Amino acid sequence: DAKTTQPNSMESNEEEPVHLPCNHSTISGTDYIHWYRQLPSQGPEYVIHGLTSNVNNRMASLAIAEDRKSSTLILHRATLRDAAVYYCILEYGNKLVFGAGTILRVKS
Amino acid sequence: DTGVSQDPRHKITKRGQNVTFRCDPISEHNRLYWYRQTLGQGPEFLTYFQNEAQLEKSRLLSDRFSAERPKGSFSTLEIQRTEQGDSAMYLCASSWTRGADTQYFGPGTRLTVL
């Protein structure tokens, strides 16, 4: 299974941008990069995905390195509601292979 | 609400009992997935269906586990002769096979085996 590497935890101040990094050096040419987040006692929530180009949606932006071996999820203005576990995932054979994710703490 | 729903949300059972969980996917989605999540870990893939066909099963899915998706709509996951190690959150997700496989998750069923 294709693997991703993320920091265990990160901390941010409210109203400031957050950059969540992910390394995926074994990515293959057709693997999509997905980001999900999970709040306590809830199912994972889709955030964004991309293949080669940077992507923006109402929740976040995804910056993908030119060699595709790393990506960064950008939350433009963190709020307390963004505190969650963020998972960077490579889609592998019609299934998502989750790692341990990054715990994001947001301080007011 | 037209999201993925799961029932029950919580289940407490005694070791050795059988339990069954239900998942109702987003109506137009043809793929349905089951995952299991233990405390502090990310979800682990168990199995998935495309329409009514079960296309892949993880080696995590022992013979005590069975999943069905009759008529390609809702799905059930049954665990027979539950063990304490089966205690976990069971998550269902659905998707539409078009480009990237973006999966939408339900709230999960929390199973506690005493």
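Note that the structure is a prediction, hence the values are computed from the model and not measured. Chain letters run A, B, ... following the sequence lines, proteins first, then strands; residues in each count from 1.
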Self-check item: Side-chain donor or acceptor of A:Y32 paired with backbone N/O of B:T102 under 3.5 Å
Solution: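 Side chain of A:Y32 to backbone of B:T102: no pair is present.
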Quiz prompt | Distance (rounded to the nearest 0.5 Å) between B:R9 CZ and A:S41 OG | solution =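 With rounding to 0.5 Å, CZ (B:R9) is 8.5 Å from OG (A:S41).
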Exercise. Against chain A, label B:R31 side chain, backbone, both or neither, depending on which of its atoms sit under 4.5 Å from a heavy atom there.
Key: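 Answer is side chain: those atoms of B:R31 sit under 4.5 Å from chain A.
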Quiz prompt | Residue part contacting chain A, namely of B:P43, when any heavy atom lies under 4.5 Å | solution =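 Both backbone and side chain.
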Exercise. Report the option among B:G42, B:G40, B:G106, B:S58 that has the most heavy-atom pairs separated by less than 4.5 Å from atoms of chain A.
Key: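 The option with the most such pairs is B:G42.
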Quiz item: Which of the residues B:Q6, B:E44, B:E56 is involved in the greatest number of heavy-atom pairs with chain A at under 4.5 angstrom?
Solution: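 So the answer, after comparing B:Q6, B:E44, B:E56, is B:E56.
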Self-check item: Structural part of A:E45 lying under 4.5 Å from a heavy atom of chain B
Solution: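 Contact with chain B is absent: no heavy atom of A:E45 under 4.5 Å.
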Heavy-atom neighbours of [X] [atom1] exceed 12 at 6.0 Å:
X	atom1	value
B:L55	CG	yes
A:R77	CZ	no
A:E14	CD	yes
A:N8	CG	no
A:E66	CD	no

In one Ile/Leu/Val/Met/Phe/Trp/Tyr side-chain cluster, 4.5 Å: [X], [Y]:
X	Y	answer
B:Y90	B:L114	no
B:Y48	B:F21	no
A:I74	A:Y86	no

Practice problem: Measure across B:Q37 and A:Y87 and return the closest heavy-atom pair with its distance rounded to 0.1 Å. | Solution: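 Result for this residue pair: NE2-OH, 3.4 Å.
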Quiz item: B:Y35 versus A:L96: any side-chain heavy-atom pair under 4.5 Å?
Solution: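 Yes, at least one pair of side-chain atoms sits under 4.5 Å.
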Exercise. Answer whether the closest heavy-atom distance between the side chains of A:H34 and B:Q103 falls below 4.5 Å.
Key: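 Sidechains of B:Q103 and A:H34: no contact.
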Exercise. Flag the one option from A:P44, A:A100, A:G101 with the top tally of heavy-atom pairs under 4.5 Å to chain B.
Key: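 Option with the top pair count is A:P44.
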